[in-house]
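Both counts, for ligands and for their atoms, begin at 1 and track the order of listing.
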Amino acid sequence: MAEYVFVPRKAPSLGVEASTALFPVRRVFCVGRNYSEHAREMGHDPDREPPFFFMKPADAVVAAEGEIAYPPLTDELHHEVELVVAIGKDGVDISPEKALGHVWGYGVGIDLTRRDIQAVAKKMGRPWDWAKGFDESAPCSKLRPVSAAGHPGKGSIWLKVNGEERQRGDLADQIWAVSEVISYASKSIALKAGDLIFTGTPAGVGALEQGDTVQAGIEGVGEIVFTVGKR
Ligand code: MN
């Protein structure tokens, strides 16, 4: 049997609440805009565009604690607090009705974004990767297993910087619910155990500076606090 040319790194991982176990991270999918300022309408909305996705590398995922690095090549590092869905069961072409059965747990994540680089990418019609997929760009809480806490269909999602509230929304305001996001993603790629999905951020994104203390939380899911490293 062929051997690897060097010992492969261990998979990036996240802690699990009330456990010493680790959740191995495989891939990271992120949903673009997924909250409306308006109350979510019931039923069909002809103006809804299908959700779109971008990705971060798995090792962008780090524990949201201590100090998170301020990345190079940006003057505009933005916070986006998001519900993170941890997939625990493989699936392809999953129906919305069966989608939640593929969720292992949930976490509170920050989709850190080099907004200035993203603005240039948008203008030039270039990919977002360099704006979204840098080192430590996906700090995340420990995961709360579905087996312990079920599925959070609603509940406040918020973020404070140095004690001042910047973002607040409710999971019920997501344009695309978790079950729909999973279903859509699984029509395009085979979802696998270990995949994470960052499900989009409510209004109020803004810039972080070195030394800032970031607190964030989602009702029924968890809370995080970390500081931003030196530029
Ligand atoms: Mn985001």
J.: In Asp111, what N, O or S atom is nearest to the Mn ion (ligand 1), if we give its atom name?
T.: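 Nearest N/O/S atom: OD2.
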
J.: Among the N, O or S atoms of Glu82, which one sits nearest to the Mn ion (ligand 1)?
T.: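 Going through the N, O and S atoms of Glu82 one by one, OE2 ends up nearest to the Mn ion (ligand 1).
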
J.: Could you check whether atom CZ of Arg33 has more than 12 heavy atoms from other residues, nucleotides or ligands sitting under 6.0 Å from it?
T.: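 Atom CZ in Arg33 is not packed in, count stays at 12 or less.
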
J.: Could you pull out the atom name of the N/O/S atom in Glu80 that is nearest the Mn ion (ligand 1)?
T.: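 Distance check against the Mn ion (ligand 1) picks out OE1 in Glu80.
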
J.: When you measure from the side chain of Asn34 to the backbone N and O of Trp176, does any donor-acceptor pair fall under 3.5 Å?
T.: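 Present.
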
J.: Side chains of Thr113 and Gln118: donor-acceptor distance under 3.5 Å anywhere?
T.: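 On atom types as modelled, these side chains do not qualify, holding no pair under 3.5 Å.
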
J.: Using a strict threshold of under 4.0 Å (side-chain N to carboxylate O), is an ion pair present between Lys230 and Glu67?
T.: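 So Glu67 does not pair with Lys230 through a salt bridge.
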
